Amino acid sequence: MENNIGWWLTKRAFLTPDREAYVDGGGGERLTFSGLNARCNQTANAFLDAGVDKGERVGLLLMNSAEFVEAYFALAKIGAVVVPLNWRLVADELEFILKDSGTTRLVFDDDFADTVADLHSRGYKTDIGQWLQVANGDVAYFAEDYRVFRDAAGPAEPPIGARDDDMLYIMYTSGTTGLPKGVVHTHNTCVWACITIAATTYFEDGDRFLSPLPMFHVGALTPLTMCIYRGVTSVVMRAFDPVSAWRIVDAERVTVGLAVPAMLNFMLQVPNLGNFDYSRWRWCMSGAAPVPEALIEAYEKIGLEIHQVYGLTESCGPAALIDAENALKRIGSTGKAFYHTDVRIVDREGVDCQPGEPGEVLVAGPHIMREYWNRPEATAETLRDGWLHTGDVAHMDADGFIYIEDRIKDMIISGGENVYPAEIEKVLQTHPGISEAGVIGQPSERWGESPFVVAVKSDDALTEADVIEFCRGKLAGYKQPKGAAFVDVLPRNPSGKILKRLLREEFPGPAPV
């Protein structure tokens, strides 16, 4: 049988038509699998009527919503390629992604109308031919009403337009050069990611999955697809709020979920947790950053198991997961490799490390990305001999349990989002009062890590506040530096690279609140 992710929804709607598929945790739409599939088919047929071709890139600049879900599966069915867009990015950052990916149509909602209007004014650069607005009021003069566009088409099953190794989506992740790279996943890689998760995790029939992460993130998109595969109900938060999360867990009888450590930390600080019924919630996967041992222990006290997970956009999510039996016995470990996944820890020569010896994490499996879009050199550097070279450092014990220690690359993880110092440094290079700058991560009680600038002045009047203000509007909010310090010279190695290790030693934090 040939694989198509959109067809999965068709099959699930046939098997369990009346089971809830999608629930808006904020009290909005509730769709059964048959209802979601019908909406998906309408959207697919509308795109076909509009002339969408196989392989054409369609951008989704949407908050978590039924429209995101139906557009994703609709485009998958007909063979178009989805470009999920990080709505935290500013117009300049989005423009690069749209241009680099060759996106020709854009679906957006009211929250981003101003940003999209800015992008539209640059239309000669972005080459967008169709603008579809999910509107609750007036529609921009240059856009079509998405819902009118969708509802003009019928719900018949469209012809399947892609399969197996055809592209499914291009998801952009920040790069160490300061420019994001598009991770290409196919129908097959996504199918295998979902099969891998289903084979390794502890889902039960009738489970209800809390989904607070943004759908442009692999940590939301892959579980969403896996829930279709398993017939699990996705209880979706449009945007995360800790009090709302507990209310939704209570009201929607949530049983399982996934949240980054920062989210779990915020939830634990909500007063009067006893007012909420979370007794049905068995476990929550958590990743994107190391999960503090104290956080795991605090949740254990209220009866919730935290299963630490390790994964990457490039692996379509899964790499390693701690099982229920060992979640508390081996606190600090991210577990063993997922089913259908291999993990190795190797030294600089590519030789497997001995138990307890740190080295680079390599991951292999049928769910690994096909390539970086238009980046053959970066692809060749990252994918070697069938192994994904992650740039992360870990050690493995004699039983195969993996412990993530550090990152070879200088990536900062702030609130579950990847931040590369090079992106911030590129902005700082344009400041007339800064001769050079290095960016490091400092520990943050609130966000896990926060960016911190160490700069050399060329203007004696420059202040920390000036540096922070200069970055505002040029970078997404989670990339904004939280503090800055000044030195006479930045430490560098003989090849001229800034020695970030020495900067971290000199400015250990914690990050400013």
Side-chain angles (χ1 to χ4, degrees), residues 52 56-65 67-68 71-72 75 80-135 139-144 146 167 169-185 213-221 238-239 313 372-375 378 414-420 422-427 430 451 470-480:
V52 171
E56 185 173 349
R57 271 79 71 199
V58 180
L60 303 182
L61 185 60
L62 298 168
M63 299 289 287
N64 289 357
S65 60
E67 287 79 14
F68 189 112
Y72 172 63
L75 293 164
V81 177
V82 177
V83 182
L85 295 165
N86 183 338
W87 39 257
R88 295 189 176 110
L89 301 180
V90 297
D92 286 350
E93 294 168 311
L94 289 170
E95 182 183 341
F96 170 81
I97 292 173
L98 294 171
K99 187 175 179 62
D100 185 72
S101 63
T103 294
T104 55
R105 302 169 196 258
L106 180 66
V107 184
F108 66 99
D109 60 32
D110 289 342
D111 298 76
F112 315 112
D114 291 342
T115 299
V116 173
D118 185 357
L119 290 169
H120 180 264
S121 70
R122 318 174 189 192
Y124 66 96
K125 293 181 180 179
T126 53
D127 298 321
I128 304 295
Q130 185 179 29
W131 309 75
L132 293 164
Q133 183 173 352
V134 179
V139 178
Y141 74 91
F142 55 84
E144 303 172 54
Y146 168 85
M167 285 196 300
Y169 64 76
I170 307 174
M171 183 174 288
Y172 277 78
T173 182
S174 297
T176 54
T177 62
L179 294 175
K181 299 190 294 291
V183 174
V184 174
H185 278 292
L213 273 68
M215 290 178 182
F216 62 72
H217 197 294
V218 73
L221 196 55
R238 181 174 177 84
T313 304
Y372 288 122
W373 180 251
N374 289 334
R375 302 286 194 282
S414 182
E417 291 290 342
N418 295 347
V419 180
Y420 284 89
E423 293 185 85
I424 305 171
E425 291 163 0
K426 187 176 180 181
V427 170
T430 66
F470 181 77
C471 294
R472 205 179 310 279
K474 298 181 178 66
L475 295 161
Y478 66 91
K479 300 177 186 177
Q480 296 287 333

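Quick note: numbers below take in every heavy atom, side chains included, and nothing from hydrogens, waters or symmetry partners. Since this is a predicted model, take the numbers as computed values, not measurements. FYI, the numbering just counts along the sequence from 1.
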Quick one, [X] and [Y] - any side-chain contact, counting heavy atoms below 4.5 Å?
X: Val116; Y: Leu61; value: yes
X: Tyr372; Y: Val183; value: yes
X: Leu106; Y: Gln130; value: no
X: Ile170; Y: Tyr172; value: yes

Where do Asp92 and Arg122 land on the side-chain contact (heavy atoms from CB on, under 4.5 Å) test, with the steps shown first? CA-CA 10 Å; Asp92 286 350; Arg122 318 174 189 192; 2.8 Å; yes
Calculate, to the nearest 0.5 Å, the distance between atoms CG and CG belonging to Leu62 and Leu60 respectively.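 CG of Leu60 is found 5.5 Å from CG of Leu62.
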Any chance you could measure Thr115, atom OG1, to Glu95, atom CD, to the nearest 0.5 Å?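 Separation between the atoms: 12.5 Å.
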Using side chain to side chain donor-acceptor pair (under 3.5 Å) as the criterion, list what pairs up with [X], not counting sequence neighbours.
X: Asp127; value: none
X: Tyr169; value: none
X: Thr104; value: Glu56

Do Glu93 and Lys479 meet the salt-bridge criterion of a basic N to acidic O distance under 4.0 Å?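 Salt bridge: yes.
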Thinking salt bridges, do Asp100 and Arg57 make one under a 4.0 Å N-O criterion?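 A salt bridge is absent here (no side-chain N lies under 4.0 Å from a carboxylate O).
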Report all side-chain donor-acceptor pairs from residues 81-91 shorter than 3.5 Å, counting only partners two or more places apart or in another chain.
{"from": "Asn86", "atom 1": "OD1", "to": "Arg88", "atom 2": "N", "distance (Å)": "2.8"}
{"from": "Asn86", "atom 1": "ND2", "to": "Tyr478", "atom 2": "OH", "distance (Å)": "3.1"}
{"from": "Arg88", "atom 1": "NH1", "to": "Glu417", "atom 2": "OE2", "distance (Å)": "2.6"}

Which label fits Trp131 and His120: parallel for a plane angle under 30°, tilted from 30 to 60°, or perpendicular past 60°?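 Perpendicular.
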With distance as the sole test, does Ser65 use its side chain to make a donor-acceptor pair with the main-chain N or O of Met63 at under 3.5 Å? yes
Looking only at heavy atoms, which two atoms of [X] and [Y] are closest? And how far apart?
X: His185; Y: Thr313; result: NE2-O, 2.8 Å
X: Ser101; Y: Thr103; result: OG-OG1, 2.7 Å
X: Phe470; Y: Val427; result: CE2-O, 3.4 Å

Just to verify, what does Asp114 make a side-chain contact (heavy atoms from CB on, under 4.5 Å) with, not counting sequence neighbours? none
Ring pair (Phe, Tyr, Trp, His ring centres under 6.0 Å) partners of Phe96, counting only residues at least two apart: none
For Val218 and Met171, what are the C-alpha separation, side-chain angles and deciding distance, and is it a side-chain contact (heavy atoms from CB on, under 4.5 Å)? CA-CA 8 Å; Val218 73; Met171 183 174 288; 3.8 Å; yes
Stepwise side-chain hydrogen bond (donor to acceptor under 3.5 Å, both in side chains) check, Gln133 with Asp110: CA-CA 7 Å; Gln133 183 173 352; Asp110 289 342; 2.8 Å; yes
